[in-house]
2 protein chains.
Amino acid sequence: MTGGATQPAIRATLEDVARAAGVSLATVDRVVNRREGVRAKTVARVEAAVAKLGYRADVAAARLARGQTFRFAFVLPTGSNSFMTNLSEQVQRTADWLAGQRGFIDILHVDVFDPDVLAGALETLSPAYQGVAVIALDHPRVRAAIDELVGRGVAVVTLVSDAPSSRRLHYVGIDNPAAGRTAATLMGRFLAGREGTVAVIAGSLSLRDHTERQFGFHQILSSEYPNLPALPVIEGRDDSDRTRELTAALLARHADLRGIYCCGAGNRGIADALEASGRAREVVWITHELTQYTRRFLVRGTLDAVINQDPGHEARSAARVLLAHCSGEPISADQERIRIDIFLRDNLP
Amino acid sequence: MTGGATQPAIRATLEDVARAAGVSLATVDRVVNRREGVRAKTVARVEAAVAKLGYRADVAAARLARGQTFRFAFVLPTGSNSFMTNLSEQVQRTADWLAGQRGFIDILHVDVFDPDVLAGALETLSPAYQGVAVIALDHPRVRAAIDELVGRGVAVVTLVSDAPSSRRLHYVGIDNPAAGRTAATLMGRFLAGREGTVAVIAGSLSLRDHTERQFGFHQILSSEYPNLPALPVIEGRDDSDRTRELTAALLARHADLRGIYCCGAGNRGIADALEASGRAREVVWITHELTQYTRRFLVRGTLDAVINQDPGHEARSAARVLLAHCSGEPISADQERIRIDIFLRDNLP
DNA sequence: CGATTTTTGAGGTACGCAACTAAAATTCTG
DNA sequence: CAGAATTTTAGTTGCGTACCTCAAAAATCG
């Protein structure tokens, strides 16, 4: 057995460092926090002591002494689909966790799909917030509102849906074109060698994330699976009643329909229509977001794969990024990267 | 816009609660920490004040005041495959993070595949550790060693590989039978409608995780894809030279070989043999663990899918579970559940 | 009722660090 | 080289909680 390099049983404190370096507590503090007013010679002495004792600041003590509190706003959509409901819940949980870390999250519900309403909400946001997480819309007014917040020194992260050309600090969400490509590869491979058409149902093509997914999907499908021509994209407005009718019409009109890719919500309608048609098992259906419904359709075999983004990760990641930024800590990029999950019936969490 | 219920700008402290309840600090302390010696009536009054003010203990202050430090051992394999190397690195990162949280991790490298050596290492572990994370082997001696540690009051979590019948606190890793089933479904669907045989390469059938994956794989393949009979499992001992020869032999002997599922390591050997044979694109190859190599094979198209467990999550989760247990906090099960990731060329992180 | 037990109050210390003030040491100026 | 200006350092306080002691008050019991 090879032992790991063992750290001292009790951690060194600032005071230990001060004693070892023969200077006062205050001087050590200046050095470790890179403040002005210490001679180079003294700095070197202190740093040597820090290295020798393996000093690491105790984050609990530092936070306590600093005594800052943070206040973040999460701007989420008003009453919406299952995914957004899950997300709200996860944000609430994150808020509970942050409350123990001197951070407060207020959840504001806004009609995020109306650019004017969303921009208005951002513009009139209380100046009490040091950070904002928002499900953005890539629209000039919204971008302007984000940029103004950033200009005022507020940390802004976009959540789930990005506004790439704004000055937001960070985007917490998946790479949507890649998600679309992933769906296309699954579709193409599940239908290996078969001939037929594939339908794409989006919520609305004015939503950036839906457009991007659809773009990625078509990119792969057309280049790699010429046996599977795609029908023109149809808009289901994330509404189950509408997707039910649209899906029923698709099935009726296209006897050679082999696959359906839904890059938005309204899955219950699609499931209803597919199951009613009796072609549920032969048509490959791929959609986004694991919810109580899509989970059920997956288990039942109506749905073949779910492309998912984990709302829990997203909520926590947004909070961590805001917190890290506001307390001047670095963020570790690969821990904050939101993965594109693929769920089949067999690997459901 | 509907505003979220806004918490007070400054958090309530214990003293605020004491004032509001008309009792002393000491009494509030007794109530919130569930200590003896407070009348039910007083408890109720204090709890009402806590609720009214929304008091939550400041974790930074609490940790500081409590002043406990924790010391955990992570028992990892000696020099090993890419996955284990990644895991080591992630454990090291987790250790750096924990060092700021009054926790210390020592990494011990042991030949975890020899039950006697592993058990011996656990038995002679310094009593300084409050917690141990170990890549377990499901073997009587190892189980006994784990149980003895638990009996001594040490928190033990198994990492990546479980010892289910031991008294370990928690298992941090994926559901291996489910991972095998996931691989089988991908294999079956990617080979939809085609006829041919499928080979399964394990590291060693005495490793519980490999056996479980293989079991799950066969379960689904035989019941749902009768067009794809599996060849007898072969053992590659996680060694690339050996898997190269075995794969070459498989390809030579079975002209109808359509798929390879590798539930262990040694992927470089498989890739070499597949690419040398010229059948890399037609044979569906599915394996485990995303590494620099499997990533490359995936991008190149030799490899069709990777079933992955995230070593970063596993390292952090193990540390969080140990820390939570040692400080008497609850753990949130679904945050600690390790997911079975599926990676295709398109959704690589 | 007095004696005993239970409950509560008051106060203190310690945790490790940040941030402030005041003092000491150094450098600059005429 | 005195004295002012500046840089560097020491000393101190407070953050919010945990945990401790000791005494006072209240409740309970015989």
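Throughout, protein chains are lettered first and strands after them, A, B, ... in sequence-line order, and every chain is numbered starting at 1.
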- Net bend of the helix from C:dC1-D:dG30 to C:dG30-D:dC1, end axes of five pairs each, nearest 10 degrees: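 For the helix from C:dC1-D:dG30 to C:dG30-D:dC1, the axes at either end differ by 30°.
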
- Do B:Thr27 and B:Ser24 pass the side chain to side chain donor-acceptor pair (under 3.5 Å) test, and can you show the C-alpha distance, the side-chain angles, and the key distance before you say yes or no? CA-CA 5 Å; B:Thr27 305; B:Ser24 76; 3.3 Å; yes

- Message: If the condition is side-chain contact (heavy atoms from CB on, under 4.5 Å), which residues does B:Glu36 pass it with, not counting sequence neighbours?
- Response: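 Expected list: none.
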
- Message: I want to confirm an ordering. Mapping A:Arg45 and A:Arg102 to their closest nucleotides on DNA chain D, which one lands closer to the 5' end?
- Response: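 So the residue in question is A:Arg45.
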
- Of residues 23-31 of chain B, the positions that come close to DNA chain D - non-hydrogen atoms, cut-off under 4.0 Å: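 B:Asp29, in order of number.
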
- Task: Send over the distance from A:Arg66 CZ to C:dA18 P, rounded to a whole Å.
- Result: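 Whole-Å distance recorded here is 5 Å.
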
- Message: Whole angstroms only, please: what is the CG-P distance between B:Asp16 and D:dC15?
- Response: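 Taking atom P of D:dC15 as the reference, CG of B:Asp16 is at 12 Å.
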
Verify, without hydrogens or angle tests, whether [X] (side chain) and [Y] (backbone) share a donor-acceptor contact under 3.5 angstrom.
X        : Y        : answer
A:His170 : A:Val157 : no
A:Asp29  : A:Leu25  : no
B:Arg30  : B:Arg35  : no

- Look at B:Asp162 together with B:Arg168 and state whether they make a salt bridge at an N to O cut-off of under 4.0 Å.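 A salt bridge links B:Asp162 with B:Arg168.
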
- For B:Asp96 and A:Arg56, run salt bridge (charged side-chain N to carboxylate O under 4.0 Å, His left out): C-alpha distance rounded to whole Å, both residues' side-chain angles, the deciding distance at 0.1 Å, then the answer. CA-CA 10 Å; B:Asp96 293 343; A:Arg56 302 263 279 105; 5.6 Å; no

